[in-house]
Amino acid sequence: MTPPIRLAAVTTVAAAAGRLSDRTRILVFTGAGISTESGIPDFRGPHGLWKRLDPNDFTLERWVTSESFRIEAWGRRFAPDRPVYRPNDGHRAIADLWRTGHMIGCITQNIDGLHQAAGLPDEGVAEVHGNASGIVCYAEGHDVDVDDVRSRWEDGETDPRCAGCGSILKSTTVLFGENLPPGAVARAQGWTDGADAVIAVGSTLSVYPAAYFPLEIAGRGDPFVIVNEGPTDHDRLATVRIEGKAGDVLPELVGALIAG
Ligand code: NAD
(Lines give C-alpha, C1' and ligand atoms only; values in the text may rest on other atoms or scores of the structure.)
Protein backbone atom coordinates (compact mmCIF):
# COMPACT_ATOMS: atom_id res chain seq x y z
CA MET A 1 0.00 0.00 0.00
CA THR A 2 1.34 3.48 -0.89
CA PRO A 3 1.95 5.47 2.30
CA PRO A 4 0.02 8.74 2.63
CA ILE A 5 1.86 11.91 1.63
CA ARG A 6 3.05 13.75 4.75
CA LEU A 7 2.59 17.33 3.74
CA ALA A 8 4.95 20.07 4.87
CA ALA A 9 3.24 23.12 6.30
CA VAL A 10 3.35 25.15 3.08
CA THR A 11 3.06 23.73 -0.40
CA THR A 12 2.84 26.46 -3.02
CA VAL A 13 5.33 27.77 -5.59
CA ALA A 14 4.81 31.28 -4.20
CA ALA A 15 5.77 30.05 -0.72
CA ALA A 16 8.89 28.34 -2.07
CA ALA A 17 9.89 31.44 -4.05
CA GLY A 18 9.40 33.52 -0.89
CA ARG A 19 11.74 31.30 1.13
CA LEU A 20 14.37 31.24 -1.64
CA SER A 21 14.20 34.84 -2.88
CA ASP A 22 17.25 36.11 -0.94
CA ARG A 23 19.36 32.99 -1.68
CA THR A 24 22.14 33.04 -4.29
CA ARG A 25 23.88 29.73 -3.60
CA ILE A 26 21.00 27.30 -4.09
CA LEU A 27 21.97 23.67 -4.46
CA VAL A 28 19.69 21.70 -6.80
CA PHE A 29 19.59 17.97 -6.08
CA THR A 30 17.95 15.83 -8.75
CA GLY A 31 16.79 12.24 -9.08
CA ALA A 32 15.31 9.99 -11.70
CA GLY A 33 11.91 11.75 -11.49
CA ILE A 34 13.18 14.82 -13.33
CA SER A 35 13.82 12.69 -16.43
CA THR A 36 10.53 10.76 -16.58
CA GLU A 37 9.02 13.58 -18.67
CA SER A 38 11.85 12.91 -21.15
CA GLY A 39 10.70 9.30 -21.41
CA ILE A 40 13.21 7.65 -19.04
CA PRO A 41 11.53 5.56 -16.34
CA ASP A 42 12.52 6.15 -12.69
CA PHE A 43 13.16 3.36 -10.17
CA ARG A 44 10.51 3.76 -7.48
CA GLY A 45 7.73 5.89 -9.03
CA PRO A 46 4.37 4.35 -10.04
CA HIS A 47 5.86 3.17 -13.37
CA GLY A 48 9.37 2.65 -11.98
CA LEU A 49 11.86 0.07 -13.22
CA TRP A 50 11.83 -1.78 -9.90
CA LYS A 51 8.23 -2.82 -10.63
CA ARG A 52 9.62 -5.13 -13.36
CA LEU A 53 13.38 -5.47 -12.73
CA ASP A 54 15.30 -6.74 -9.71
CA PRO A 55 17.78 -4.22 -8.21
CA ASN A 56 19.96 -7.18 -7.18
CA ASP A 57 20.71 -7.74 -10.86
CA PHE A 58 22.51 -4.41 -11.13
CA THR A 59 25.49 -5.08 -8.91
CA LEU A 60 29.19 -4.69 -9.58
CA GLU A 61 29.66 -8.34 -8.65
CA ARG A 62 27.18 -9.45 -11.31
CA TRP A 63 28.92 -7.29 -13.92
CA VAL A 64 32.34 -8.70 -13.10
CA THR A 65 31.29 -12.35 -12.86
CA SER A 66 28.60 -12.76 -15.52
CA GLU A 67 29.59 -12.64 -19.16
CA SER A 68 25.98 -13.11 -20.27
CA PHE A 69 24.92 -10.08 -18.17
CA ARG A 70 27.63 -7.95 -19.83
CA ILE A 71 26.68 -9.19 -23.32
CA GLU A 72 23.06 -8.23 -22.67
CA ALA A 73 24.06 -4.79 -21.33
CA TRP A 74 26.40 -3.97 -24.27
CA GLY A 75 23.61 -5.10 -26.59
CA ARG A 76 21.18 -2.63 -24.98
CA ARG A 77 23.75 0.18 -25.01
CA PHE A 78 24.76 -0.14 -28.65
CA ALA A 79 21.37 -1.19 -30.09
CA PRO A 80 20.79 0.82 -33.28
CA ASP A 81 17.17 1.45 -32.31
CA ARG A 82 18.04 2.71 -28.82
CA PRO A 83 15.86 5.78 -28.19
CA VAL A 84 17.44 9.23 -28.02
CA TYR A 85 16.27 11.14 -24.94
CA ARG A 86 15.97 14.92 -24.86
CA PRO A 87 15.90 17.35 -21.92
CA ASN A 88 12.55 18.70 -20.75
CA ASP A 89 11.31 21.96 -19.21
CA GLY A 90 12.51 20.88 -15.75
CA HIS A 91 16.11 20.44 -16.94
CA ARG A 92 15.90 23.73 -18.86
CA ALA A 93 14.62 25.62 -15.80
CA ILE A 94 17.64 24.45 -13.79
CA ALA A 95 19.99 25.64 -16.54
CA ASP A 96 18.20 29.03 -16.41
CA LEU A 97 18.68 29.21 -12.64
CA TRP A 98 22.42 28.63 -13.13
CA ARG A 99 22.70 31.20 -15.94
CA THR A 100 21.05 33.85 -13.81
CA GLY A 101 23.49 33.35 -10.92
CA HIS A 102 21.17 31.87 -8.29
CA MET A 103 22.77 28.45 -8.02
CA ILE A 104 25.92 26.95 -6.53
CA GLY A 105 25.55 23.73 -8.54
CA CYS A 106 23.44 20.70 -9.34
CA ILE A 107 24.11 17.34 -7.71
CA THR A 108 22.42 14.69 -9.79
CA GLN A 109 21.87 11.00 -9.14
CA ASN A 110 21.03 10.62 -12.82
CA ILE A 111 23.30 9.09 -15.39
CA ASP A 112 21.52 10.40 -18.48
CA GLY A 113 23.46 13.63 -19.20
CA LEU A 114 20.23 15.60 -19.69
CA HIS A 115 21.23 18.50 -17.42
CA GLN A 116 24.19 19.23 -19.69
CA ALA A 117 22.04 18.67 -22.80
CA ALA A 118 19.72 21.39 -21.44
CA GLY A 119 22.59 23.89 -21.24
CA LEU A 120 23.99 23.43 -17.72
CA PRO A 121 27.79 23.45 -18.20
CA ASP A 122 29.86 20.50 -16.97
CA GLU A 123 31.28 22.64 -14.17
CA GLY A 124 27.74 23.12 -12.84
CA VAL A 125 26.97 19.39 -12.44
CA ALA A 126 28.22 16.71 -10.04
CA GLU A 127 27.19 13.27 -11.35
CA VAL A 128 27.52 11.31 -8.12
CA HIS A 129 26.26 8.06 -9.70
CA GLY A 130 28.46 8.48 -12.78
CA ASN A 131 27.15 8.74 -16.34
CA ALA A 132 26.12 6.44 -19.13
CA SER A 133 28.34 8.03 -21.76
CA GLY A 134 31.82 6.81 -20.74
CA ILE A 135 33.50 3.41 -20.55
CA VAL A 136 36.37 2.40 -18.24
CA CYS A 137 38.91 -0.41 -18.15
CA TYR A 138 37.87 -2.25 -14.99
CA ALA A 139 41.26 -3.75 -14.06
CA GLU A 140 43.87 -1.08 -14.78
CA GLY A 141 42.01 2.10 -15.67
CA HIS A 142 43.41 2.39 -19.21
CA ASP A 143 41.90 5.13 -21.36
CA VAL A 144 39.03 3.75 -23.40
CA ASP A 145 37.81 5.14 -26.72
CA VAL A 146 34.02 4.70 -26.67
CA ASP A 147 33.73 4.87 -30.50
CA ASP A 148 36.35 2.11 -30.83
CA VAL A 149 34.41 -0.11 -28.39
CA ARG A 150 31.20 0.54 -30.32
CA SER A 151 32.78 -0.37 -33.67
CA ARG A 152 34.31 -3.54 -32.24
CA TRP A 153 30.88 -4.48 -30.85
CA GLU A 154 29.37 -3.82 -34.30
CA ASP A 155 32.05 -6.11 -35.76
CA GLY A 156 30.87 -8.95 -33.53
CA GLU A 157 32.74 -8.59 -30.20
CA THR A 158 29.75 -9.11 -27.92
CA ASP A 159 31.77 -8.55 -24.70
CA PRO A 160 34.46 -6.08 -25.85
CA ARG A 161 37.69 -6.04 -23.80
CA CYS A 162 40.23 -3.33 -22.96
CA ALA A 163 42.55 -2.71 -25.94
CA GLY A 164 45.39 -2.09 -23.47
CA CYS A 165 45.22 -5.10 -21.13
CA GLY A 166 42.37 -7.36 -22.24
CA SER A 167 40.39 -6.91 -19.02
CA ILE A 168 36.64 -6.40 -18.93
CA LEU A 169 35.22 -2.98 -19.68
CA LYS A 170 32.49 -1.23 -17.75
CA SER A 171 30.21 1.73 -18.24
CA THR A 172 31.02 4.79 -16.08
CA THR A 173 27.68 4.38 -14.30
CA VAL A 174 27.87 3.42 -10.62
CA LEU A 175 26.51 -0.07 -9.95
CA PHE A 176 25.26 -1.26 -6.56
CA GLY A 177 28.27 -2.20 -4.48
CA GLU A 178 30.58 0.23 -6.28
CA ASN A 179 32.21 3.34 -4.80
CA LEU A 180 30.98 6.75 -5.94
CA PRO A 181 33.34 8.71 -8.23
CA PRO A 182 35.65 10.65 -5.86
CA GLY A 183 35.85 13.79 -8.04
CA ALA A 184 32.06 14.15 -8.24
CA VAL A 185 31.69 13.50 -4.51
CA ALA A 186 34.34 16.13 -3.63
CA ARG A 187 32.61 18.71 -5.82
CA ALA A 188 29.20 17.78 -4.35
CA GLN A 189 30.53 18.11 -0.79
CA GLY A 190 32.08 21.51 -1.58
CA TRP A 191 28.74 22.77 -2.89
CA THR A 192 26.89 21.29 0.08
CA ASP A 193 29.23 23.15 2.46
CA GLY A 194 28.76 26.42 0.56
CA ALA A 195 25.03 26.27 -0.24
CA ASP A 196 22.48 28.56 1.41
CA ALA A 197 19.37 26.54 0.33
CA VAL A 198 18.46 23.32 -1.43
CA ILE A 199 15.79 22.27 -3.92
CA ALA A 200 15.38 18.47 -4.23
CA VAL A 201 13.56 17.41 -7.40
CA GLY A 202 12.21 14.05 -8.57
CA SER A 203 13.83 11.90 -5.92
CA THR A 204 12.47 9.69 -3.15
CA LEU A 205 15.59 10.81 -1.19
CA SER A 206 16.08 7.18 -0.23
CA VAL A 207 19.42 6.36 -1.86
CA TYR A 208 22.52 6.88 0.29
CA PRO A 209 25.06 8.37 0.53
CA ALA A 210 23.63 10.72 -2.14
CA ALA A 211 20.66 11.81 0.01
CA TYR A 212 23.02 13.04 2.74
CA PHE A 213 23.88 16.11 0.65
CA PRO A 214 20.43 17.78 0.73
CA LEU A 215 19.80 16.53 4.26
CA GLU A 216 23.00 18.19 5.48
CA ILE A 217 21.82 21.56 4.15
CA ALA A 218 18.34 21.07 5.65
CA GLY A 219 19.98 20.09 8.94
CA ARG A 220 21.71 23.49 9.13
CA GLY A 221 18.30 25.15 9.04
CA ASP A 222 18.61 26.52 5.49
CA PRO A 223 15.49 26.37 3.27
CA PHE A 224 14.76 22.86 1.98
CA VAL A 225 12.29 22.77 -0.90
CA ILE A 226 11.05 19.42 -2.22
CA VAL A 227 9.43 19.18 -5.67
CA ASN A 228 8.15 15.67 -6.25
CA GLU A 229 5.23 13.61 -7.48
CA GLY A 230 4.42 11.37 -4.56
CA PRO A 231 5.99 11.05 -1.12
CA THR A 232 9.68 11.16 -0.31
CA ASP A 233 11.42 9.76 2.76
CA HIS A 234 11.99 13.26 4.16
CA ASP A 235 8.83 15.27 3.54
CA ARG A 236 8.61 16.10 7.25
CA LEU A 237 11.89 18.03 7.04
CA ALA A 238 10.86 20.18 4.07
CA THR A 239 10.43 23.92 4.50
CA VAL A 240 8.14 23.79 1.47
CA ARG A 241 6.98 20.63 -0.27
CA ILE A 242 5.42 21.01 -3.70
CA GLU A 243 3.50 18.06 -5.12
CA GLY A 244 3.72 18.11 -8.92
CA LYS A 245 5.66 17.42 -12.07
CA ALA A 246 9.15 18.88 -12.27
CA GLY A 247 8.44 20.10 -15.81
CA ASP A 248 5.48 22.18 -14.56
CA VAL A 249 6.71 23.34 -11.16
CA LEU A 250 10.36 24.22 -11.88
CA PRO A 251 9.75 26.71 -14.73
CA GLU A 252 7.23 28.52 -12.51
CA LEU A 253 9.51 28.52 -9.48
CA VAL A 254 12.62 29.53 -11.42
CA GLY A 255 10.61 32.21 -13.28
CA ALA A 256 9.55 33.67 -9.93
CA LEU A 257 13.13 33.65 -8.60
CA ILE A 258 14.54 35.28 -11.72
CA ALA A 259 11.81 37.94 -11.69
CA GLY A 260 12.92 38.64 -8.10
P1 NAD B 1 13.46 7.20 -7.44
O2 NAD B 1 13.00 6.33 -8.57
O3 NAD B 1 13.69 6.58 -6.10
O4 NAD B 1 12.40 8.37 -7.21
C5 NAD B 1 11.88 9.15 -8.23
C6 NAD B 1 10.77 10.01 -7.64
O7 NAD B 1 10.40 10.96 -8.61
C8 NAD B 1 9.51 9.20 -7.28
O9 NAD B 1 8.98 9.65 -6.05
C10 NAD B 1 8.55 9.56 -8.43
O11 NAD B 1 7.19 9.46 -8.06
C12 NAD B 1 8.98 10.99 -8.70
N13 NAD B 1 8.66 11.47 -10.05
C14 NAD B 1 8.49 10.75 -11.18
N15 NAD B 1 8.26 11.57 -12.22
C16 NAD B 1 8.28 12.83 -11.73
C17 NAD B 1 8.12 14.12 -12.32
N18 NAD B 1 7.87 14.27 -13.63
N19 NAD B 1 8.23 15.22 -11.52
C20 NAD B 1 8.49 15.09 -10.19
N21 NAD B 1 8.63 13.89 -9.58
C22 NAD B 1 8.54 12.77 -10.34
O23 NAD B 1 14.73 7.98 -7.97
P24 NAD B 1 15.99 8.53 -7.18
O25 NAD B 1 15.60 9.12 -5.90
O26 NAD B 1 16.76 9.30 -8.19
O27 NAD B 1 16.86 7.25 -6.79
C28 NAD B 1 17.01 6.18 -7.64
C29 NAD B 1 18.28 5.95 -8.40
O30 NAD B 1 17.84 5.91 -9.72
C31 NAD B 1 19.35 6.95 -8.45
O32 NAD B 1 20.47 6.31 -7.92
C33 NAD B 1 19.64 7.15 -9.97
O34 NAD B 1 21.03 6.93 -10.20
C35 NAD B 1 18.91 6.07 -10.64
N36 NAD B 1 18.21 6.25 -11.92
C37 NAD B 1 18.58 7.23 -12.81
C38 NAD B 1 17.86 7.39 -13.99
C39 NAD B 1 18.30 8.45 -14.96
O40 NAD B 1 19.49 8.70 -15.12
N41 NAD B 1 17.36 9.13 -15.62
C42 NAD B 1 16.75 6.59 -14.27
C43 NAD B 1 16.40 5.59 -13.34
C44 NAD B 1 17.13 5.44 -12.15
Side-chain angles (χ1 to χ4, degrees), residues 2-7 11 13 16 28-60 76-77 82-94 106-118 120 125-134 171-181 184-185 188 198-215 225-235 238 240-254:
T2 311
I5 296 172
R6 301 182 301 258
L7 292 178
T11 58
V13 169
V28 179
F29 178 83
T30 62
I34 195 171
S35 294
T36 58
E37 290 165 79
S38 295
I40 306 176
D42 60 16
F43 278 174
R44 297 177 190 79
H47 309 292
L49 288 170
W50 292 163
K51 299 269 189 299
R52 55 194 165 89
L53 299 176
D54 181 353
N56 294 318
D57 281 344
F58 294 86
T59 62
L60 178 63
R76 274 196 303 274
R77 176 175 182 141
R82 186 186 161 92
V84 176
Y85 298 109
R86 305 200 189 288
N88 62 54
D89 288 344
H91 298 106
R92 282 188 281 274
I94 293 170
C106 174
I107 300 177
T108 187
Q109 300 168 94
N110 296 343
I111 57 169
D112 53 34
L114 291 184
H115 285 298
Q116 295 92 320
L120 193 59
V125 191
E127 294 173 311
V128 288
H129 291 167
N131 62 67
S133 56
S171 160
T172 45
T173 50
V174 175
L175 292 169
F176 291 109
E178 195 173 3
N179 290 332
L180 306 193
V185 169
V198 57
I199 306 174
V201 187
S203 174
T204 48
L205 299 171
S206 61
V207 176
Y208 294 88
Y212 287 127
F213 296 116
L215 294 180
V225 173
I226 293 178
V227 176
N228 205 62
E229 259 191 330
T232 80
D233 281 6
H234 299 289
D235 290 340
V240 180
R241 186 204 182 286
I242 303 172
E243 171 68 25
K245 285 192 185 304
D248 295 335
V249 176
L250 285 181
E252 208 188 320
L253 176 58
V254 168

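Computed from a predicted model, the values in this text were never measured in an experiment. In this chain, numbering begins with 1 at the start of the sequence shown. Ligands are counted one by one from 1 in listed order, and the atoms in each one are counted from 1 as well.
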J.: List ligand 1 atoms under 4.0 Å from Gly31, heavy atoms only on the residue side.
T.: 26 (O)

J.: Please check if the side chain of Asp235 supplies one atom and the backbone of Thr232 the other of a donor-acceptor pair under 3.5 Å.
T.: yes

J.: What residue and atom, counting heavy atoms only, is the protein's closest point to atom 27 (O) of ligand 1, and at what distance?
T.: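 In this structure, atom 27 (O) of ligand 1 has Arg44 NH1, 3.4 Å as its nearest protein heavy atom.
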
J.: Checking Ile111 against Glu127 for the side chain to side chain contact (heavy atoms under 4.5 Å, CB included) test, could you report, in this order, the C-alpha distance in whole Å, the side-chain angles of both residues, the deciding distance, and whether it holds?
T.: CA-CA 7 Å; Ile111 57 169; Glu127 294 173 311; over 6 Å; no

J.: Could you point out which residue of Ser133, Ser35, Ser38 forms a side chain to side chain donor-acceptor pair (under 3.5 Å) with Asp112?
T.: Ser35

J.: May I ask whether Gly244 places a heavy atom under 4.0 Å from ligand 1?
T.: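 So Gly244 counts as touching ligand 1.
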
J.: Any idea which heavy atoms bring Ala16 and Leu253 closest together, and the distance?
T.: CB-CD1, 3.8 Å

J.: For atom 17 (C) of ligand 1, grab the closest protein heavy atom and report residue, atom and distance to one decimal in Å.
T.: Gly33 O, 3.2 Å

J.: If you measure from each heavy atom of Pro41 to ligand 1, is any distance below 4.0 Å?
T.: yes

J.: Which atoms of ligand 1 sit under 4.0 Å from any heavy atom of Ala32?
T.: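 Under 4.0 Å from Ala32, ligand 1 has these atoms: 23 (O), 24 (P), 26 (O), 36 (N), 37 (C), 38 (C), 42 (C), 43 (C), 44 (C).
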
J.: Measure up the Phe43 and Phe176 rings against each other and bin them: parallel (under 30°), tilted (30 to 60°), perpendicular (over 60°).
T.: tilted

J.: What's the shortest distance from atom 19 (N) of ligand 1 to any protein heavy atom, and which residue and atom give it?
T.: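 It is Ala246 N, 2.8 Å.
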
J.: Look only at interatomic distance and state if Thr204 has a nitrogen or oxygen under 3.5 Å from any nitrogen or oxygen of ligand 1.
T.: yes

J.: Given that the side chain starts at C-beta and the backbone is N, CA, C, O, which of these parts of Ile40 lies under 4.0 Å from ligand 1, counting heavy atoms, or is it both or neither?
T.: side chain

J.: Side chain or backbone of Glu229 under 4.0 Å from ligand 1, or both, or neither, by non-hydrogen atoms?
T.: both

J.: Looking at Lys245, which atoms of ligand 1 are within less than 4.0 Å of one of its heavy atoms?
T.: 19 (N)

J.: Under 4.0 Å, heavy atoms only, figure out whether ligand 1 is touched by the backbone of His129, its side chain, both or neither.
T.: side chain

J.: As an exercise, identify every atom of ligand 1 less than 4.0 angstrom from a heavy atom of Val207.
T.: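 With Val207 as reference, the close atoms of ligand 1 come out as 27 (O), 28 (C).
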
J.: Please confirm whether Gly230 comes under 4.0 Å of ligand 1, counting heavy atoms of the residue only.
T.: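 It does not; every heavy atom stays at 4.0 Å or beyond.
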
J.: Can a donor-acceptor pair be found, under 3.5 Å and without considering hydrogens, that links the side chain of Asn110 to the backbone of Gly31?
T.: yes

J.: So which protein heavy atom does atom 5 (C) of ligand 1 come closest to, and at what separation?
T.: Gly202 O, 3.5 Å

J.: To check your reading of the model: name the closest protein heavy atom to atom 44 (C) of ligand 1, its residue, and the distance in Å.
T.: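 Checking every protein heavy atom, the shortest distance to atom 44 (C) of ligand 1 gives Phe43 CE2, 3.1 Å.
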
J.: Could you list the atoms of ligand 1 found under 4.0 angstrom from a heavy atom of Thr36?
T.: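 Selected atoms, number and element: 14 (C), 15 (N), 16 (C), 17 (C), 18 (N).
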
J.: Run the salt bridge (Lys or Arg N to Asp or Glu O under 4.0 Å) test against Glu37 and tell me which residues pass, sequence neighbours left out.
T.: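 For Glu37 there are no salt bridge (Lys or Arg N to Asp or Glu O under 4.0 Å) partners, ignoring immediate neighbours.
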
J.: So do Pro214 and Leu205 actually touch side chain to side chain, heavy atoms under 4.5 Å?
T.: yes

J.: Do you know the tightest heavy-atom contact between Pro41 and Thr36?
T.: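 Pro41 and Thr36 have their closest heavy atoms at C-CG2, 4.4 Å.
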
J.: Is it true that Asp89 and Arg92 have a side-chain N and a carboxylate O under 4.0 angstrom from each other?
T.: yes

J.: Can you tell me the protein heavy atom closest to atom 37 (C) of ligand 1 and the distance?
T.: Asn110 OD1, 3.6 Å

J.: Give the numbers and elements of all ligand 1 atoms closer than 4.0 Å to a heavy atom of Ser35.
T.: 41 (N)

J.: Please could you name the atoms of ligand 1 that Glu37 approaches to less than 4.0 Å, counting only its heavy atoms?
T.: 17 (C), 18 (N), 19 (N)

J.: For atom 14 (C) of ligand 1, which of the options Asp112, Thr108, Asp42 provides the nearest non-hydrogen atom?
T.: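 Closest candidate by heavy-atom distance is Asp42.
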
J.: Can you confirm whether more than 12 heavy atoms, excluding those of Tyr85, are under 6.0 Å from its OH atom?
T.: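 Yes, the 6.0 Å shell around OH holds more than 12 heavy atoms from other groups.
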
J.: Return the closest protein heavy atom for atom 33 (C) of ligand 1 as residue, atom name and distance.
T.: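 Nearest neighbour among protein heavy atoms for atom 33 (C) of ligand 1, to 0.1 Å: Gln109 O, 3.1 Å.
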
J.: Checking Asn228 side chain against Ser203 main chain: does a donor-acceptor pair fall under 3.5 Å?
T.: yes

J.: Check salt bridge (Lys or Arg N to Asp or Glu O under 4.0 Å) between Arg82 and all other residues, then give those that pass, not counting sequence neighbours.
T.: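 Arg82 satisfies salt bridge (Lys or Arg N to Asp or Glu O under 4.0 Å) with no other residue.
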
J.: Shortest non-hydrogen contact from Ala246 to Ile34?
T.: CB-CG1, 4.0 Å

J.: Provide, to 0.1 Å, the distance between atom 9 (O) of ligand 1 and the closest protein heavy atom, together with that atom's residue and name.
T.: Asn228 ND2, 2.9 Å

J.: For ligand 1, indicate whether the residue Ser203 contacts it via side chain, backbone, both or neither (heavy-atom separation under 4.0 Å).
T.: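 Both of them.
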
